[in-house]
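Reading through the structure tokens given below for one structure.
The structure displayed is predicted, hence computed values, not measured ones. In what follows, residues are counted from 1 in the order of the sequence shown.
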Amino acid sequence: MYKTALEGRKGELADGEADRDEDLEVQIGNKFKRDAFLVFRALCKLSMKTPPKEALADPLLMRGKIVALELLKILLENAGTVFRTSERFLGAIKQYLCLSLLKNSASTLMIVFQLSCSIFISLVSRFRAGLKAEIGVFFPMIVLRVLENVAQPNFQQKMIVLRFLDKLCLDSQTLVDIFINYDCDVNSSNIFERMVNGLLKTAQGVPPGVATTLLPPQEATMKLEAMRCLVAILRSMGDWMNKQLRIPDPYSTKRFEDVENSPEPGNVPMAILNGDEPAEGSDSHSEASNEASDVLTIEQRRAYKLELQEGISLFNRKPKKGIEFLIKANKVGDSPEEIAAFLKNASDLNKTLIGDYLGEREDLSLKVMHAYVDSFDFQGMEFDEAIRAFLQGFRLPGEAQKIDRIMEKFAERYCKCNPKAFTSADTAYVLAYSVIMLNTDSHNPMVKNKMSADDFIRNNRGIDDGKDLPEEYLRSLFERISRNEIKMKEDDLSLHQKQSVNSNRILGLDNILNIVIRKRDEDQHMETSDDLIRHMQEQFKEKARKSKSVYYAATDVVILRFMIEVCWAPMLAAFSVPLDQSDDEVVITLCLEGFRYAIHVTAVMSMKTHRDAFVTSLAKFTSLHSPADIKQKNIYAIKVRILFSMYR
């Protein structure tokens, strides 16, 4: 009513009065938005509330948290355009809801974990355009972490994740958007690729000889659900392709009715012959930037990422060869400064090998190490704060000579940034060693007799060009190190990238110095401490800084070629082995359905080699070369093969 009245009066009002009335309208609108914001924030805070320990396993005592999560789920599933696009509400999601997800996704209470997954799928389906960095962090943490744990998963958790993925595939646009924005982004994890490979490993089951906590019926259920998810991915890709190219469902047309209605006994289940209707997704279409996804750009980004990953993989085996490869491939410049910047900023590099490379005495490695240290600005930093910042990016090597070269350059750089801190760089060099030894003494449980403040002060007498450093300075330094351990940044220890560690290095100086990455069991990843929460929040900021802010909405069907390149081999393995070994009708139905979708997509996309791989494998399962051995599943395979002959 107010808007109608305002519209009627606009022509009668002076310009200034009209402006004031429009401001009033905005204020009225903001009042409702403010109330919505406050309600949303209150629900997020209630969902984060930590109940007493005795309530952790009791849903009744957790009802406040559970109701808040249920309301958040409903709110996100029904959110309108303003909520999905407003910077204020997106900011509230980043600030409050992401923290709630971080705390609740590790809950051992299944209802809390399930609701967290439901909230996350709403974010992926409906808010992904504005939450690119956050989804890039949460997807591996909530979904892939559970999916990739094959041998000793929590059965209920994994089933929740598998159903989450099955639901995700209902919206084909979401699946393709995930591939473009993460698998083709240099600074993001390959979410689609890891998802397919995780499903393959789950569908194959626990490897022989590996201990597992799963009961045989549980493992069989999980294998079947993983198979369904793989089929759903191919179906989703096919649906998206059909929509983009306006192709009618090729399997439900009139010309196949005679084959489908065959009177032969044991007809193929209808799921194989009758193409399912394209799944209705959520009401989201990527509300992204106006920039259409340029296929050439996406192709270049994907190719760039693959070559960069090849170079990083080589570096993680042989650092010098890895750097040479990256320079030749134009992924890294050939100057020491550019190589140092790469070592400092690139993701997925083995930080032990970074330290080894920086400690080498060869000319290029030495120049790179100098450039690496000179890239830090230690001005105004306390000495221990500078050491913390410096040692976050790599692990000190095991050889004393390498450590000596690195710490000598660090001391020189610190004194250059803080010329009045010490009499000479030698003082900083000796004190740096002393601080590292104190860090080990204070925080290594193997050390029984801990160093006291007086011991630390006594050990550092006369190091400042024959003079003593101020006692209060050393005592303050001792207190800070004792309270807060110096440790490396733990952002590269994801489960899919565990690096093998040389046994000699485990026993070497770097372990004694305790500047190491702490190992964690997969179960320990479930815990969320304040340190982990802070670490994840840092990752959000880091991903947002590194990732391109543009969210690409997939529009060109050529993108499917890159997706097929990633998933065709795992899919072929997942469908071929069970089809060969199993006589279960449900398993056979799923496998043949997977073959059907795979052949359809590869044929339409003119990927002859990939199509022939599926067709040849399917032809083998017809057993026409040995009619006496034909079983019911071979008849199913023959019928599907005939369908494709007619289609072609």
Query raised in the report: Any side-chain heavy atom of Arg301 sitting closer than 4.5 Å to one from Tyr552?
Result: yes
Query - Sole residue of Val146, Asn149, Leu147 in side-chain contact (heavy atoms from CB on, under 4.5 Å) with Gln157 - result: Val146
Query raised in the report: Distance from Asp348 atom CG to Asn316 atom CG, nearest 0.5 Å?
Result: 8.0 Å
Requested in this report: Verify, without hydrogens or angle tests, whether Thr440 (side chain) and Ile436 (backbone) share a donor-acceptor contact under 3.5 angstrom.
Outcome: yes
**Report entry** Arg317 and Ser313 side chains, donor-acceptor separation under 3.5 Å
**Finding:** yes
Query raised in the report: Atom CD in Glu324, atom CG in Leu314: separation rounded to 0.5 Å?
Result: 9.0 Å
Query raised in the report: So Phe113 and Asn104, side chain to side chain contact (heavy atoms under 4.5 Å, CB included) or not? Walk me through it.
Result: CA-CA 6 Å; Phe113 180 77; Asn104 290 313; over 6 Å; no
Requested in this report: For Arg388 and Glu485, indicate whether the former's side chain and the latter's backbone hold a donor-acceptor pair under 3.5 Å.
Outcome: yes
Requested in this report: Could you label the plane-to-plane angle of the Phe89 and Phe37 rings as parallel, tilted or perpendicular, counting under 30° as parallel and over 60° as perpendicular?
Outcome: tilted
Query raised in the report: Which heavy atom of Tyr96 sits nearest a heavy atom of Cys44, and at what distance?
Result: CB-CB, 3.7 Å
Query - Short N-O contact, Arg475 and Asp454, less than 4.0 angstrom - result: yes
Query - Any donor-acceptor pair under 3.5 Å from Lys65 side chain to Ser47 backbone - result: yes
Query raised in the report: Taking Asn350 for the side chain and Leu353 for the main chain, is one N or O donor matched with an acceptor at less than 3.5 Å?
Result: yes
Requested in this report: Output, in order, the C-alpha distance, side-chain angles, deciding distance and verdict of side chain to side chain contact (heavy atoms under 4.5 Å, CB included) for Phe40 and Ile93.
Outcome: CA-CA 9 Å; Phe40 179 76; Ile93 289 174; 3.8 Å; yes
Report task. Give the intermediate values and the outcome of side chain to side chain donor-acceptor pair (under 3.5 Å) for residues Ser105 and Ser116. Result -> CA-CA 6 Å; Ser105 62; Ser116 298; over 6 Å; no
Report task. Please report the shortest heavy-atom distance between Ala389 and Met381, naming the atom on each side. Result -> CB-CE, 4.4 Å
**Report entry** Other residues, nucleotides, ligands: >12 heavy atoms within 6.0 Å of Asn449 CG
**Finding:** no
Query raised in the report: With side chains defined as the heavy atoms from C-beta onward, is the minimum distance between Leu469 and Leu477 less than 4.5 Å?
Result: no
Query raised in the report: Among Tyr473, Tyr414, Phe378, whose ring pair (Phe, Tyr, Trp, His ring centres under 6.0 Å) with Phe383 holds?
Result: Tyr414
Query raised in the report: Between Asp377 (side chain) and Gln379 (backbone), is there a donor-acceptor pair under 3.5 Å?
Result: yes
Query raised in the report: Taking NZ, NE, NH1 and NH2 as the nitrogens, is one of them in Asp374 or Lys409 under 4.0 Å from a carboxylate oxygen of the other?
Result: yes
Report task. Answer whether the closest heavy-atom distance between the side chains of Leu123 and Phe138 falls below 4.5 Å. Result -> no
**Report entry** Phe342 and Leu308, any side-chain heavy atoms less than 4.5 Å apart
**Finding:** yes
Report task. Go through the steps for Ser476 and Arg480 under the test side chain to side chain donor-acceptor pair (under 3.5 Å), then give the verdict. Result -> CA-CA 6 Å; Ser476 174; Arg480 291 196 298 273; 2.6 Å; yes
Report task. Indicate whether the side chain of Ser375 and that of Lys344 have a donor and an acceptor atom separated by less than 3.5 Å. Result -> yes
Query - Heavy-atom side-chain contact between Lys320 and Glu360 under 4.5 Å - result: yes
**Report entry** Salt bridge present between Lys450 and Asp455 (N-O < 4.0 angstrom)
**Finding:** no
Query raised in the report: Ile481 and Phe456: side chain to side chain contact (heavy atoms under 4.5 Å, CB included), yes or no, with the steps?
Result: CA-CA 11 Å; Ile481 299 297; Phe456 181 68; over 6 Å; no
Report task. Walk me through it: do Arg194 and Asp183 pass the test salt bridge (charged side-chain N to carboxylate O under 4.0 Å, His left out)? Result -> CA-CA 9 Å; Arg194 288 179 60 188; Asp183 290 63; over 6 Å; no
Report task. Heavy atoms only: give me the nearest Leu131-Tyr182 pair and the separation to one decimal. Result -> O-OH, 4.2 Å
Query - Closest non-hydrogen atom pair between Ile327 and Gly333, with its separation - result: CG1-O, 3.8 Å
Query raised in the report: Among Glu408, Lys402, Met407, which one satisfies side-chain contact (heavy atoms from CB on, under 4.5 Å) with Arg405?
Result: Lys402
Query raised in the report: Taking C-beta and beyond as the side chain, do Leu358 and Ser365 meet within less than 4.5 Å on heavy atoms?
Result: no
Query raised in the report: CG/Leu72 to OG/Ser122 distance, rounded to the nearest 0.5 angstrom?
Result: 10.5 Å
Query - From CZ (Phe478) to CG (Asp384), nearest 0.5 Å - result: 13.0 Å
Query raised in the report: Quick one: does Asn187's side chain have a donor or acceptor within less than 3.5 Å of a partner on Ala346's backbone?
Result: no
Query raised in the report: Taking the side chain as C-beta and beyond, is there a heavy-atom pair between Ile406 and Pro397 under 4.5 Å?
Result: yes
Query raised in the report: What distance separates Gln401 CD from Ile403 CD1, expressed to the nearest 0.5 Å?
Result: 11.0 Å
Requested in this report: Please assess Leu43 against Leu97 for the test side chain to side chain contact (heavy atoms under 4.5 Å, CB included), listing each intermediate value before the final yes or no.
Outcome: CA-CA 9 Å; Leu43 288 173; Leu97 185 60; over 6 Å; no
**Report entry** Exercise: identify the closest heavy-atom pair between Thr85 and Leu90
**Finding:** O-CD1, 4.1 Å
Query raised in the report: Between Ser335 and Glu338, is a side chain to side chain donor-acceptor pair (under 3.5 Å) present by the stated rule, with each step listed?
Result: CA-CA 5 Å; Ser335 70; Glu338 290 170 306; 2.8 Å; yes
Query raised in the report: Just by distance, do the side chain of Asp177 and the backbone of Ala553 share a donor-acceptor pair under 3.5 Å?
Result: no
Query raised in the report: Distance from Ile135 atom CD1 to Ile178 atom CD1, nearest 0.5 Å?
Result: 7.5 Å
Query - Flag if over 12 foreign heavy atoms under 6.0 Å of NZ, Lys367 - result: no
Query - Check: Asn439 and Val435 side chains under 4.5 Å, non-hydrogen atoms - result: no
Report summary line: Here the pair of heavy atoms bringing Gly311 nearest to Leu326 is CA-CD2, 3.7 Å
